[in-house]
Each structure stands twice: as structure tokens, then as C-alpha cells.
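First the proteins, then the strands, lettered A, B, ... as listed; each starts at 1.
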Amino acid sequence: MKWDTCDASVQYLLHLGDDALILGHRLSEWCGHGPILEEDIALSNLALDLVGLARQYYQLAAQRIGDGMTEDRIAYWRSDREFRNHVLVEQPNGDFGDTMARQFYFDAFHFLQLEALQHSSDIELAAIARKAIKETTYHAQHSSEWIVRLGDGTDESRVRITASLLRLWPFTSELFEPSSVDRAAHAAGWGPDVASLRGPWLDLVQEVLEHAELQLPESPAKLLRGKTGIHSESLGFLLAEMQSLPRAYPDATW
Amino acid sequence: MAPKIDMEARFLDYVSAENKVEPKHWMPDAYRKTLVRQISQHAHSEIVGMLPEANWITRAPSLRAKLILLAKVQDEAGHGLYLYSSAETLGTSRDQMIDDLHTGKAKYSSIFNYPTLTWADMGAVGWLVDGAAIQNQVMLCRTSYGPYSRAMVRICKEESFHQRQGYELMMHLARGTKEQKAMAQDALNRWWWPSLMMFGPSDDQSPNSAQSMAWRIKRKSNDELRQEFVDKTVPQAEFLGLTLPDPDLKWNEERGHYDFGPIDWAEFFAVVAGNGPCNTERLEARRSAHAEGAWVREAATAYAAKQAARRAAAAPTAKASAA
């Protein structure tokens, strides 16, 4: 299967699905290890929503590819060079502050992205977005509340969340740099011009940071090309773990 | 001393007549203590029990399986919450109970000190471990302490769903490739005996059982529950085409029950004493999650206190401006 030459609408769905799957997978790594039981439940909920969303995108992609393609073949049989997620979402969990900073940046982007996708000319994609935006609204509320709590909590939490926000900041630039698939999707009316989301995203982020009495981080953008399949080194390990069983028993079904 | 004896006798009459005890009722100190020990141990089992299953969430072999497993482990966290809350009604805080777990003062079910080595363990744990737990928990839906009994009703509904998911997974493997079937059999071999041990020592070796039965906390003996579980599980294993690892297992027409071989109680007591394959890792995982999360909990508490102070400071002003 040549993933980079398949139909543009399929490539766009893979990009959307990969963000959801990889971030959901990362969040699921917290299960059983959260800072408090209530948060263990909350992080699992985010993971369930995101992996569930990935399945919807992949199922639609599989249907469009045809030929017996399945969601699991899409998730378990592509290599790291064939994944199209943003480098931000594959970043390791770090501590709770790092996880929340990653989530906060992504949730604000995801919300704006889904807001646009609700009006996609691809009606099946629009239907998925309408359902997902309800969940994402809660995700954004949850991560924003934690940014405020950690920013305005103790001296230690303030130092730690400030460091996390700064550490993850350089990964946010990729969200607003259109790939060729983003451009094709925008031209066809399927999705937003991601560059245009940067302003509203900054407004959302800034509002919460002000509330938390935190500064907008300042650090140069990184050169990132996750959307074209050039990832950080951590994705290979994530996929090696995630894909191990189907690849060890290629004749089996699960 | 005389009035105290009266109270205890009255209490015994009250529970014997199948009445529920509620948090504000008078109860013997020993009843309260027994319940805190039992409910907190049960809560700890839910929380520690998340670990062996969470071990496979990142390796679940299909997206559907990943969601099912994640949702299941999340349910266990929810059960832990109901149970801690129910134990708190007896006057012991969640923090205290968690400290007791971390210092080794409180126990949790020994079954979670065994490792989950293959994907088939997710099936075997759901089918056998949750199955054995349900056997016990269905009985506890009728326990005499109201908040515990009501928590158990909710928990049982979810647990029986988990058990069916576990059985479905085993069935899928048992009907899969040769390797998958072998994986399922291997998991059954490793989990069968520890599951039977989950019901605890035989009745004559179980020091707290008689008193708990009199108080209607416990409704059936360990051996009765174990026998019910064996009787229920043997045909399920047959249906899967898997073999239970017990050469002495056979139907006893006269008793109307399956006979089964002797349980290795030396193994049971070794695991209870802390020498099972994973005791150290499980407790360490809990301790380190708690320690690493301390700054987050402190921040949340400090923020809540600041917010409350801000509200208090704002309130008179609001009143003044309204006037």
C-alpha cells in the first residue's frame, strides 16, 4: 500500500486520525499512574475519546480505500514514516505538567480545527467533527483549568508548569504550517487554512495564561515535519510497542 | 458496662432481621473496624488491580480491544472511588487509607501480585479474576452496611460486564490460530489456582469469618463461594475447549458439585506475606504515582483555598454594593 499516493481525502483523514490516535495512546500510558484517582479517570476519558475519534477517521478512510482495508490495518501496519500526526502529540508524557501543557496547546488547536471541520464540504467528515467538538470542548476546559490551578497554585507548581509550557511551546509552530495535504484539503473545502487558526489560537491560549498569571512562552519555533512523516525519535518506540502483537502474529485476527 | 452489652445485643438483633446499618447509627467498634479494614482493602484491590491490566493497554492488538481494556481499567478506578467514599462514611479519610496501603499496613487482593505476561492474560483475568470477584461481590450486595451494599450493587453491574468481555476475549483466542489457542491455555494454567485462592483460606483457617457472618457483613463462607465458582466455571472452560489445570477435577454426583484438587496454601501465604512475583513492583508503582503527584495535589488544594479566600473577600463588597 502506497500511503503517500492515495487519494487526498484519505491522506487528510489519516492525518486527522493519527493526531487523535497518538495523543490518545500517550494519555492511555497514564492509566493507573495519575496524581490522584479522579485525574486517572479524567485522563482515561480523554484517551477514550481520542482513540474513539481516531477509529471514526480511520473507518471512513478504510471505506474510501476499499479493497478490504480496515481501521486496524491503518493503525498497526504503517511505519513511523507513514504516520502523519503533528510532532507535538507524540511527545513523551513527562510529568503531569508536561502532559497538561501538551494537552492545553493541542486542545485549543483541536477545538478550532473541529469548529471549521463542522462546516466541511466533505459531509461525512463534518458529521464526525460535529460529534467530536462536544468532547473537545470538555477537553479544553479540563486542560485550561489545570493550567490555571498549576499556575496559581503553589510556588513549586508555578515553576513547574512554566517550564512545561516553555518546553512544549516550540512544538506548536507546526500546527499552523500547512502541509501539501492541508493545502489540498483547504482548496477542496474539506478543512481550514491552518495558518489562519494561529491568531484565534493565540487568543485562546493567552486568555487562559493571563487567568493563570503566566506569561506566553518565548522561544524559537522548531523545524518540524511530522505531517510529512518526519517525526521525533520517540514515535518509533511508541509504535514498536503499540504494533507489537499484530506484527508478531501476522496470521491472527484480534 | 451493662448498657454496652444491651447495645451490642440490640445491634445483633437489628442486623439479623436483615436491616441495613447506616453511617449515623450506633455500631460496635469492632464492626466499624472490620468494615473499614474490609472496604479499604477492597478499594485498594481495585486500584492496585488497575496495574496488571494497564500493563497491556499500550499493546492492545486492535483499536476496539484498546478501548475495551482502557474503559475497563477506568471502571476499576471508579470502583475504587465508590469504595473509598463508602469507607469514609465510617470516619476514616481516603488519605489515611492510602497511607496504610503505602506503608504495607493495609492489604489488597493477592491476585494482583501475579504478572500479566501475554495478551491472553487480559482474557483470563477478566473471566476468572473478575469472575471470582463477582462471586464474592454478589453476596456483598446484601451486606449489612448500607453504603457498602449500595456501592456493591453498582460495582457488580460493571464487573459482570467485564467478566463477559474477558470470556469473549478467551473465546476469540481459543478459536483463533494455534498460537492464540496456546496463549489462552497458558494463561488459564497460570491464573486458575490463584483465582481459587482469591476466596481466602478454608473456613476452619479463616479467623474473622464467623464474626463477619454473625454481623451479616459476610453471607457465605469462603469454601461455599469457592465451590460455587468452580461449579460455574468448569462448563465455561469446556465450552472454550480449554483444559483446567487440575487432574483431580471431576463431577461428584453425590455432592452435586465438582470435586477439585488441593490448593497450595503455602503459595497463598507466601504471596500474602509479600513474596509473590510482583508485590514489590505493584506497591512501588502506587507509591511512586502518589509521590510524583504530590505537587499536583498540593497545587489544587492551594488554588482551591485561594479561590475560597477570594470569594470570601468579594462577598461583603457584593453585599455592600447591593445595599
For A/W254 and B/H172, the nearest pair of non-hydrogen atoms, with its separation, is C-NE2, 3.3 Å
For B/K306 and A/G153 the tightest heavy-atom approach is NZ-O, 3.0 Å
Handout entry: Whether over 12 other heavy atoms sit under 6.0 Å from B/E281 CD
Key = yes
Review point. Between A/T154 and B/Y303, is any pair of side-chain heavy atoms under 4.5 Å apart?
Key: no
Does any non-hydrogen side-chain atom of A/Y249 lie less than 4.5 Å from one of B/T177?
no
At a 4.5 Å cut-off on heavy atoms, which part of [X] comes close to chain B: side chain, backbone, both, or neither?
{"X": "A/A75", "answer": "side chain"}
{"X": "A/D155", "answer": "neither"}
{"X": "A/S244", "answer": "side chain"}
{"X": "A/L21", "answer": "side chain"}

Taking a cut-off of under 4.5 angstrom between non-hydrogen atoms, the residues of residues 56-83 of chain B near chain A are B/W56, B/I57, B/T58, B/R59, B/A60, B/P61, B/S62, B/L63, B/R64, B/K66, B/L67, B/L70, B/A71, B/V73, B/Q74, B/A77, B/G78, B/G80, B/L81
When rounded to the nearest 0.5 Å, the distance separating CZ of A/R158 from CH2 of B/W295 is 13.0 Å
In this structure, CD of B/Q307 is separated from CZ of A/R149 (nearest 0.5 Å) by 9.5 Å
Residues 30-42 of chain A vs chain B, non-hydrogen distance cutoff under 4.5 Å, contacting residues -> A/C31, A/G32, A/H33, A/G34, A/P35, A/I36, A/L37, A/E38, A/D40, A/I41
